[in-house]
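These notes concern the structure reproduced below.
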Amino acid sequence: MSEKKPYYITTPIYYPSGNPHIGHCYTTLACDVVARLKRMQGYDVMFLTGLDEHGQKIEKKAEEAGITPQAYVDEIAAKFVKLWETMGITYDRFIRTTDSYHVESVQHIFEELYKKGYIYKSEYKGKYCTPCESFWTESQLVNGKCPDCGRDVTDASEEAYFFKLSEFAPRLEALLLDEEKNFLEPKSRVNEMINNFIKPGLQDLCVSRTSFKWGIPVTFDEGHIVYVWVDALSNYITALGYQNGTYNDFEKYWPADVHVMAKEIVRFHTLIWPAMLMALDLPLPKKVYGHGWITFSGGKMSKSSGNVIDPFVLVDRYGIDSIRYHLLREMPFGSDMPYTNEAMFNRINCDLANDLGNLVSRTVAMVDKYFAGTLLEEQQVIDSDEELLAMTDKLYDAVISDYETLHISDGLEKIFRVIARANKFIDENEPWKLAKDDSMKVRLSTVLYILLDTIRRCTILLSPVMPHIAPEIFEQIGACEKCTALEAANVRFELKKDITVKKGRVLFPRIDIEKEIAELEALSAGEKKEEDDGQPLEPLKENCVFDDFMKLDLRAGKVLSCEKVKKSDKLLCFQIDDGFGGRQILSGIAKYYEPEELVGKMIAFVANFPARKMMGLESNGMILSCKFGDGYKVVELDPNTKPGSDIG
């Protein structure tokens with residue numbers, strides 16, 4: 001027996017600064033589908049996921065919670081493990097950057113890069129704002145003060161090590177443009193990397209810090225900890241045993257067949273990570289795939305905007321496979337997926353209840369009714385059957401190709417076209433009429449057999465996506481183990497001719513959409529109330545007179561674009577349609593939003609503050625925001641509000 005061919009697929013390692021949510025699920029689900037498929041094909045699969053547990057944000061979160069950073073990440077890690085169990089994820093290895101073997105490997109890697117001359121010691125120099133914990137250059141100051149908070153600054157510097165990323169720019173550009181390697185998909189991401197990062201000039205990368213302690217110590221320089229890039233990105237090889245004695249899989253599985261991730265971290269995986277591997281003289285991963293975001297009301301799903309949907313609640317109410325199917329079906333290749341519970345309910349009712357569930361239950365019920373559960377061995381296939389049979393024949397190659405190339409939504413669409421055609425096949429052949437004519441008994445049995453075998457072939461191809469429902473379907477249609485193997489999806493009439501069915505439960509109960517939306521809203525309101533309990537409110541300010549309030553010109557504006565301000569951790573730059581030709585406003589809310597979340601929103605702003613320069617950019621107004629948990633939320637208005645409308 002020949003040795004199985006290895007296949008290595010990875011998710012990114014997630015940052016545990018808060019509880020896991022449905023926004024974490026798509027990447028891991030997509031990898032799970034591919035991993036399941038590859039195992040069905042006979043590959044020796046290594047499916048890696050895990051957590052990036054170091055950094056200043058974790059240190060701060062733990063301090064706020066009154067516990068150690070290790071205790072904090074241990075608690076969150078347990079929730080991620082529970083989520084993946086709940087979602088039916090079949091990962092082979094779960095890495096945490098606090099694992100001792102990873103720490104050992106990262107220290108070796110850092111030392112090796114230093115010895116090879118790719119890491120050098122330097123320092124940040126500039127003005128330091130203590131309240132903001134930020135460094136600024138002289139030119140970034142506003143009237144000699146911090147551009148973010150307006151407070152006094154002091155001369156300061158932070159010693160750090162830097163990785164010579166700039167040296168690798170020509171090799172990275174050649175890698176991204178190599179048509180044969182096809183290193184990065186979708187192709188649209190290639191131009192982003194080259195035009196936005198390589199052509200403007202790659203800067204050397206800070207890879208150590210001294211301003212916080214929660215990280216992996218640099219072995220040869222006390223006080224320095226390894227910063228995120230060398231620490232987190234190295235997980236893909238440390239988990240295989242590179243430079244540690246815990247595992248011994250590096251030679252077997254590396255290079256990775258594919259790194260899968262959301263689009264915002266493609267840059268790190270196609271510029272920084274390949275450059276590190278080049279410096280270490282190690283093979284590069286074969287492919288990086290950056291999918292779109294799960295979005296909510298037009299913005300990226302995130303904890304800061306309060307739009308996180310609890311996957312534990314969804315799975316408990318609607319079933320693992322329904323949620324898996326919806327997320328994987330709705331995400332187009334390379335594009336964003338707008339998430340709404342209503343869209344999920346419609347998908348469950350239409351695709352799963354009406355089409356797949358109905359096809360299975362109708363067919364099994366008719367076999368039970370007309371043949372006491374067991375079909376005849378004799379068959380009568382006619383020419384009109386060929387359309388459905390030919391459609392089903394085409395599925396195998398097409399769906400496997402779609403799954404392997406992460407076009408999972410396309411593969412599912414193809415399967416459900418066949419399922420829809422099978423339902424039409426029932427209406428065309430009218431088994432209830434055939435059953436009234438004893439001379440049509442063989443034809444009736446054949447019609448039902450073709451339906452059962454179509455269900456079998458579709459279910460095999462659905463099984464990587466819906467692994468829990470598939471065995472139930474196989475049991476109901478009487479399919480044996482041999483005829484449910486992957487390759488059997490490519491063969492007609494693998495079911496026994498005189499197959500015996502077994503009626504089972506309703507696989508996908510229909511959802512009362514209005515009722516469910518109301519119940520989820522009530523649940524969400526209860527959770528938010530519980531989360532808000534105990535949070536102190538800001539004290540009320542002194543009374544002011546009406547005339548003072550009327551001096552403020554409060555207006556509605558539509559966000560046309562929003563970008564992070566370079567070299568600022570706090571500022572976002574908005575272009576606003578204010579109804580009077582447009583204006584630019586800077587706001588210090590970068591910690592609480594991804595810029596893309598805010599585009600298209602109708603917001604409230606103060607229009608008559610004098611223009612002010614921050615970070616060299618002019619700000620004309622102030623965007624209104626509300627204290628929310630540990631952060632701030634922009635005050636949003638009805639999306640149909642006219643830009644420039646007066647608020648009063």
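All of these numbers come straight from a predicted model, not from anything done at the bench.
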Does the side chain of K82 come within less than 4.5 Å of F312's, by heavy atoms?
yes

Any chance you could measure Y370, atom OH, to L444, atom CG, to the nearest 0.5 Å?
7.0 Å

Is there a donor-acceptor contact under 3.5 Å from the side chain of K564 to the main chain of P595?
no

Within a strict 4.5 Å, meaning less than it, do heavy atoms of the P186 and Y289 side chains meet?
yes

Relative to the ring of W84, is the ring of Y14 parallel (under 30°), tilted (30 to 60°) or perpendicular (over 60°)?
tilted

Enter the distance from I348:CD1 to N354:CG here, rounded to the nearest 0.5 Å.
12.0 Å

Could you state the interatomic distance from OG (S361) to CZ (R505), rounded to the nearest 0.5 Å?
12.0 Å

Under the side-chain hydrogen bond (donor to acceptor under 3.5 Å, both in side chains) test, residues paired with D52 that sit two or more places apart:
none

Between the side chain of T363 and the main-chain N/O of V360, is any donor-acceptor distance below 3.5 Å?
no

Ionic contact status for K38 with E404, cut-off 4.0 Å:
yes

Take L486 and I460 through the test side-chain contact (heavy atoms from CB on, under 4.5 Å) and record every step on the way to the result.
CA-CA 6 Å; L486 180 63; I460 293 170; 4.2 Å; yes

Give a yes or no answer on whether the side chain of Y26 reaches the backbone of G292 with a donor-acceptor pair at less than 3.5 Å.
no

Taking R324 for its side chain and M87 for its backbone only, find out whether a donor-acceptor pair lies under 3.5 Å.
yes

Flag yes if more than 12 heavy atoms outside E342 fall under 6.0 Å of its CD atom; otherwise flag no.
no

Does any N or O in the side chain of S401 come within less than 3.5 Å of the main-chain N or O of A398, such that one atom is a donor and the other an acceptor?
no

Are any side-chain N or O atoms of N349 and backbone N or O atoms of R510, one a donor and one an acceptor, separated by less than 3.5 Å?
no

Under 4.5 Å between any side-chain heavy atoms of L29 and I89, yes or no?
yes

Whether F80 and H24 hold their rings parallel, tilted or perpendicular, with breakpoints at 30° and 60°
perpendicular

Which heavy atom in I76 sits nearest to a heavy atom in N19, and how many Å separate them?
CD1-OD1, 3.5 Å

Check whether any side-chain heavy atom of T484 sits under 4.5 Å from a side-chain heavy atom of E494, and report yes or no.
no

Count the heavy atoms belonging to other residues, nucleotides or ligands that lie under 6.0 Å from NZ of K187, then report whether that count exceeds 12.
yes

Can you tell whether the side chains of R362 and D427 come within less than 4.0 Å, N to carboxylate O?
yes

Could you tell me if the side chain of E516 sits less than 4.5 Å from the side chain of N341, heavy atoms only?
no

Looking only at heavy atoms, which two atoms of C31 and T11 are closest? And how far apart?
SG-CG2, 3.8 Å

What distance do K558 atom NZ and M602 atom CE have between them, rounded to the nearest 0.5 Å?
6.0 Å

Between the side chains of R39 and T90, is a donor N or O closer than 3.5 angstrom to an acceptor N or O?
yes

Please round to the nearest 0.5 Å and tell me the distance separating atom CD of E475 and atom NZ of K503.
14.5 Å

When you measure from the side chain of R329 to the backbone of R347, do you find a donor-acceptor pair of N or O atoms at a distance under 3.5 Å?
no

Using a strict 4.0 Å threshold on nitrogen-to-oxygen distance, state whether R417 and E413 make a salt bridge.
yes

Counting C-beta onward and ignoring hydrogens, is there a side-chain heavy-atom pair between D32 and Y91 closer than 4.5 Å?
no

Tell me if the centroids of the rings in F416 and Y325 come within less than 6.0 Å of each other.
yes

For the atom pair CD1 (I576) and CG (L560), what is the distance rounded to the nearest 0.5 Å?
7.0 Å

Do K263 and E192 have side chains that get closer than 4.5 Å, going by heavy atoms?
no

Non-hydrogen side-chain atoms of R457 and V418 separated by less than 4.5 Å
no

D355 side chain vs A420 backbone, donor-acceptor pair below 3.5 Å
no

For the aromatic rings, using the six-membered ring if either is Trp, is the centroid distance between Y318 and F345 under 6.0 Å?
yes

Is it the case that more than 12 heavy atoms not belonging to K414 sit under 6.0 Å from its NZ atom?
yes

Can you tell me if N235 uses its side chain to pair, donor with acceptor, with the backbone of A232 under 3.5 Å?
yes

Do the side chain of D385 and the main chain of I382 share a donor and acceptor less than 3.5 angstrom apart?
yes

Mark yes when over 12 heavy atoms from residues, nucleotides or ligands other than K497 sit less than 6.0 Å from its NZ; otherwise mark no.
yes

Taking all non-hydrogen atoms of both residues, which atom of G411 and which atom of V399 are closest, and how far apart?
O-CG2, 3.7 Å

Going through the distances and angles, do K61 and E53 end up as a salt bridge (charged side-chain N to carboxylate O under 4.0 Å, His left out)?
CA-CA 12 Å; K61 287 272 188 181; E53 298 185 341; over 6 Å; no

Of I473, I477, I499, which meets side-chain contact (heavy atoms from CB on, under 4.5 Å) against R456?
I477

Looking at every heavy atom in both V465 and D321, which two are closest together, and how far apart are they?
O-OD1, 4.3 Å

